[in-house]
Asker: 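Could you have a look at this structure, given as structure tokens, before my questions?
Quick caveat, the model's predicted, so the values are computed rather than measured. Order of listing sets the numbers, starting from 1, for every ligand and every atom in it.
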Amino acid sequence: MQIRVLGAAAGGGFPQWNCGCPNCRDQRAGTLGASPLTQESVAVSADGERWLLLNASPEIRAQIESCAALHPRARRHSPIAAIVLTNGDLDHCLGLLSLRESHPIVVCATDEVRRGFSENNALYRTLERFPGQVTWRTLAPATRMELEGLEIEPLAAPGKLPIHLEGSQPEAPGQNIGLLILDKRTGSRLAYFPAASSVTAQMHAALEAAGCVFFDGTFWSSDELIALGLGSKRAEDMAHLPVGGAAGSLAALARVRAPRRVYIHINNTNPMLRPGSPEAQQVAAAGWEIARDGMEMTL
Ligand code: MLT
Ligand code: MN
Ligand code: ZN
């Protein structure tokens, strides 16, 4: 299985347009020694010819251009066979509207995520320009789907409604999932959980069985935004398990020994983005990597 990180950042990217936090400030000044990050999306393929996109970020156009494997091979063509959504947050879905150039697309999502994006959304009509422009395929927890030589199994992950749907409907398990992706030919297994507020026993078992794990790296600490004076929400309020601390994901996933363990969906405020910081060192010492745009791996 081939994996390409198209974007490693959480919503807003790094640096974020309206953010002057120490990370964004030093990144703009060129003194941080890190690379800018676009919003989270990953491409996976069994054969290098047909690709699945995991999430469609607002930066999808530039992300596709940045990755030669995703370029057209004919006058009208795309190697992107399907897009798989893990939740309905705009940093995961907004890119769908950028794929409106009259090309049939296949989108795999839970019923909840499909409805949240397509119902009561006048802009969605741009993807209804002709019959069959979007084919939705339903992801249901514990039901496996074959896609381009890969077997996709969605797993419920504790999360939340997208911000634009808060208050409009009850929370439902299908609003946030992780993905287990199996290449049956090689037996390689990827576990992809870019958003999770906790680790269930079922998630832990799936993460332990994978050769490569991507996990929610949004915040280092619960009060990260509050301590920086950037907002009033704790990580928990946004349904993101922090990386650090006694109850954080580094501790919770200490028994996960996958050869590749990668944090993704990293918020621009996260101190682990600072090369050489104590937080970055702690992550590295635990055997975890921090995703960056353009990262490639073969499982
Ligand atoms: C999140 O990951 O919590 C959301 O993307 C936040 C947002 O939609 O701004
Ligand atoms: Mn997000
Ligand atoms: Zn910032």
Asker: Using the side-chain contact (heavy atoms from CB on, under 4.5 Å) rule, pick out the option among L207, V5, L54, L179 that qualifies with F214.
Answerer: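 Testing each of L207, V5, L54, L179 against F214, the sole residue satisfying side-chain contact (heavy atoms from CB on, under 4.5 Å) is V5.
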
Asker: Within a radius below 2.8 Å of the Zn ion (ligand 3), how many protein N, O or S atoms are present?
Answerer: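 For the Zn ion (ligand 3), the figure is 4.
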
Asker: Could you tell me whether R73 atom CZ has more than 12 heavy atoms of other residues or ligands within 6.0 Å of it?
Answerer: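 Above 12, so yes.
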
Asker: Please say whether more than 12 non-hydrogen atoms of neighbouring residues, nucleotides or ligands are located less than 6.0 Å from CZ in R61.
Answerer: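 For R61, atom CZ is not crowded (no more than 12 foreign heavy atoms under 6.0 Å).
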
Asker: Taking atom types as modelled, find out whether S222 and E236 have a side-chain donor-acceptor pair closer than 3.5 angstrom.
Answerer: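 S222 vs E236: donor-acceptor pair found between side chains.
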
Asker: Take a 6.0 Å sphere around CG of N18 and say whether it holds more than 12 heavy atoms from other residues, nucleotides or ligands.
Answerer: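 Result for CG/N18: enclosed.
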
Asker: Using a distance-only test with no angle check, is there a side-chain donor-acceptor pair under 3.5 angstrom linking Q39 and D91?
Answerer: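 Per modelled atom types, Q39 and D91 side chains form no pair under 3.5 Å.
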
Asker: In sequence, state the C-alpha distance, the side-chain angles, and the governing distance for E166 and K160, and then conclude on salt bridge (charged side-chain N to carboxylate O under 4.0 Å, His left out).
Answerer: CA-CA 9 Å; E166 278 175 7; K160 60 158 180 51; 5.1 Å; no

Asker: Are any of the side-chain heavy atoms of D293 and F14 separated by less than 4.5 Å?
Answerer: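 D293 does not reach F14 side chain to side chain.
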
Asker: Listing by chain and number, what protein N/O/S atoms are under 2.8 Å from the Mn ion (ligand 2)?
Answerer: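 Near the Mn ion (ligand 2), below 2.8 Å, one finds D91 OD2, H265 NE2.
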
Asker: Kindly compute the distance separating CG (L273) from SG (C24), expressed to the nearest 0.5 Å.
Answerer: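 Going from CG on L273 over to SG on C24, the span is 9.0 Å.
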
Asker: With sequence neighbours excluded, what pairs up with D223 under the salt bridge (charged side-chain N to carboxylate O under 4.0 Å, His left out) test?
Answerer: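 If we apply the salt bridge (charged side-chain N to carboxylate O under 4.0 Å, His left out) test to D223, skipping adjacent residues, there are no hits.
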
Asker: Between D237 and R234 (salt bridge meaning N to carboxylate O under 4.0 Å), is one present in this structure?
Answerer: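 Salt bridge flag = no for R234 with D237.
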
Asker: With a sphere of 6.0 Å drawn around CZ of R4, does it hold more than 12 non-hydrogen atoms of other residues, nucleotides or ligands?
Answerer: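 Counting neighbours around CZ of R4, more than 12 heavy atoms of other residues, nucleotides or ligands fall under 6.0 Å, so yes.
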
Asker: Given a heavy-atom cut-off of 4.0 Å, could you list the residues near ligand 1 in chain and number order?
Answerer: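 Those residues closer than 4.0 Å to ligand 1 by some heavy atom are D89, D91, K160, I163, M238, H240, H265.
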
Asker: Does any non-hydrogen side-chain atom of R115 lie less than 4.5 Å from one of Q169?
Answerer: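 No; the side chains remain at least 4.5 Å from each other.
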
